[in-house]
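Remarks on the structure that follows.
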Protein chains: 2
Amino acid sequence: MTIVPEFLAANERYVAGFEKGDLASPPARRVAVLTCMDARIDPAKALGLEEGDAHVIRNAGGRASADAIRSLVISQQLLGTTEVVVIHHTDCGMLTFQNEDLRARLAEGLNADASDIDFLPFSDVVESVHEDIAVIRNSPFISGDIPVSGFVYDVHSGRLQHVG
Amino acid sequence: MTIVPEFLAANERYVAGFEKGDLASPPARRVAVLTCMDARIDPAKALGLEEGDAHVIRNAGGRASADAIRSLVISQQLLGTTEVVVIHHTDCGMLTFQNEDLRARLAEGLNADASDIDFLPFSDVVESVHEDIAVIRNSPFISGDIPVSGFVYDVHSGRLQHVG
């Protein structure tokens, strides 16, 4: 039993009403959004994005990891985005653990050595947004004229708070 | 001029109709979706996902990078997901360049040395899905009993093709 049949059935319904077949690859609104993978966040609904509007990069925490920078470089250099919006959120899983906890769990459950992995947890969601804005602004791979804004999304109200 | 006022105005409309304030952090459908940041893909619409249903991890290409594995570990070990779905897509930007091209552009435009960055481009979208399924299945940090499925999403029809 996997979720595949459910996804395929839902996709059939999407295809039946699909009217977005002519969109170009470069995002129409020239922005890349970096946010958390959290299931409660629907970036398109929360920000009013239509298909074709914006790149959406998501990982655990919405962190400006090296891989997020890789994605932003491709977004800016090859697909013409000129702005970044970073969104972390309340009640984030990243606030609930430390690297040592997760490493111990992987050692115990999977006999796997994650001692050199930083899982990028944080203890303050406004601070983590500020940190990630700084990482992006200071990256040698991001042009200095790219505006970078930061928000905290409240999963209980759906509201964005502009914090940086 | 940034996109911030537009995002805040759209978010006000979302908040006005928001009815999802009681959702728990662990995804209700216990699945993590790994897909591309491409602006034309709305994973929630294309897969029938509601807020609260699934983790959504997105990067350039939908690649199983080390950072995607970091996110999957947190998804599985801390938030209870038990399945992974990998979705790459037709007309992907990752099919249009090689590492050398992007490194040259960064050297020329930003005087930045990206010689040690692999931007993870690919030349065949079915192969790239198979590669990333293998990376996830073979990761020491992912339990062997986690099903991993792969799809190619057609940006011109909205249709998912099950390829692995």
Side-chain angles (χ1 to χ4, degrees), chain A residues 2-4 7-8 10-11 14-15 18 20-21 23 25 27 29 31 37 39-40 42 44-48 51-60 65-67 70-71 74-75 77-79 83 85 91 93 97 102 105-106 110 112 114 117 119 140-141 143 147 149 156-160 162, chain B residues 2-4 7-8 10-11 14-15 18 20-21 23 25 27 29 31 37 39-40 42 44-48 51-60 65-67 70-71 74-75 77-79 83 85 91 93 97 102 105-106 110 112 114 117 119 140-141 143 147 149 156-160 162:
Chain A
T2 83
I3 204 156
V4 169
F7 277 3
L8 288 172
N11 182 249
Y14 182 63
V15 169
F18 192 76
K20 307 275 186 177
L23 295 171
S25 180
R29 296 173 73 184
V31 62
M37 68 180 177
R40 293 165 293 182
D42 184 328
K45 285 191 194 169
L47 303 173
E51 289 98 324
D53 276 351
H55 282 145
V56 182
I57 301 161
R58 302 181 68 173
N59 62 43
S65 58
D67 197 61
R70 174 185 71 84
S71 297
I74 292 166
S75 177
Q77 297 290 330
L78 301 178
L79 294 160
E83 180 167 359
V85 172
D91 195 31
F97 73 95
L102 196 40
R105 192 186 284 246
L106 287 165
L110 297 175
I117 302 181
F119 290 96
F141 307 113
S143 173
S149 312
H156 297 301
S157 68
R159 188 177 297 280
L160 279 181
H162 191 179
Chain B
T2 82
I3 203 158
V4 168
F7 277 3
L8 288 172
N11 182 248
Y14 183 62
V15 169
F18 192 77
K20 308 274 186 177
L23 294 170
S25 180
R29 295 172 74 183
V31 62
M37 67 180 178
R40 295 164 292 182
D42 184 329
K45 285 191 194 168
L47 303 173
E51 289 99 323
D53 275 353
H55 282 146
V56 181
I57 301 161
R58 303 182 68 174
N59 62 44
S65 58
D67 196 61
R70 175 185 71 85
S71 297
I74 292 165
S75 177
Q77 296 291 329
L78 301 179
L79 293 159
E83 182 166 359
V85 171
D91 194 32
F97 73 96
L102 196 41
R105 192 185 284 246
L106 288 165
L110 297 176
I117 301 181
F119 290 96
F141 307 113
S143 173
S149 312
H156 297 301
S157 68
R159 189 178 296 280
L160 280 181
H162 191 179

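Every chain is numbered from 1 and lettered A, B, ... according to where its sequence line falls, protein lines coming before strand lines. What you see is a predicted model; the values in this text were computed from it and never measured.
With chain A as partner, the option from N11(B), L47(B), I57(B), V15(B) having the largest number of non-hydrogen pairs under 4.5 angstrom is N11(B). When each of L78(A), L79(A), L8(A), L23(A) is scored by its heavy-atom pairs under 4.5 Å with chain B, the top score falls to L78(A). With chain B as partner, the option from A46(A), S143(A), P27(A) having the largest number of non-hydrogen pairs under 4.5 angstrom is A46(A). Chain A forms the most heavy-atom pairs under 4.5 Å with one residue out of S65(B), G48(B), A44(B), and that residue is S65(B). When K45(A), E51(A), H162(A), R58(A) are compared by the number of non-hydrogen pairs under 4.5 Å with chain B, R58(A) comes out ahead.
How far CG of L110(A) is from CD of Q77(B): 5.5 Å, rounded to the nearest 0.5 Å. Within the model, atoms CZ of R70(A) and CG of D67(B) stand 9.0 Å from one another, a figure rounded to the nearest 0.5 Å. To the nearest 0.5 angstrom, F18(A) atom CZ is 9.0 Å from H156(B) atom NE2. Here the OG-CG distance, from S75(B) to N59(A), works out to 12.0 Å after rounding to the nearest 0.5 Å. To the nearest 0.5 Å, atoms CZ (F7(B)) and CD (E83(A)) are separated by 7.5 Å.
Using a 4.5 Å cut-off between heavy atoms, A54(B) touches chain A through its backbone atoms (N, CA, C, O) alone. Residue contact with chain A, scored on non-hydrogen atoms closer than 4.5 Å, involves the side chain of V85(B) exclusively. Residue contact with chain B, scored on non-hydrogen atoms closer than 4.5 Å, involves the side chain of V31(A) exclusively. V56(B) touches chain A through backbone and side chain together, each having a heavy atom under 4.5 Å away. Looking at P147(B), only its side chain comes within 4.5 Å of chain A, counting heavy atoms on both sides. At a 4.5 Å heavy-atom cutoff, the contact between I3(B) and chain A is made by backbone and side-chain atoms alike. In this structure, the portion of K20(B) lying under 4.5 Å from any heavy atom of chain A is its backbone and not its side chain.
Annotation for P140(B) and A112(A): closest pair O-CB, 3.3 Å, computed over non-hydrogen atoms. Taking each heavy atom of M37(A) and S71(B) in turn, the nearest pair found is CE-O, 3.4 Å. Across every non-hydrogen atom of I74(B) and F119(A), the tightest pair is CD1-O, 3.7 Å.
Residues forming a side chain to side chain contact (heavy atoms under 4.5 Å, CB included) with S157(B) (at least two apart in sequence, or on another chain): D154(B), R159(B).
Two residues are said to be in side-chain contact when any heavy atoms from C-beta on lie closer than 4.5 Å; L160(B) and Y14(A) fail this criterion.
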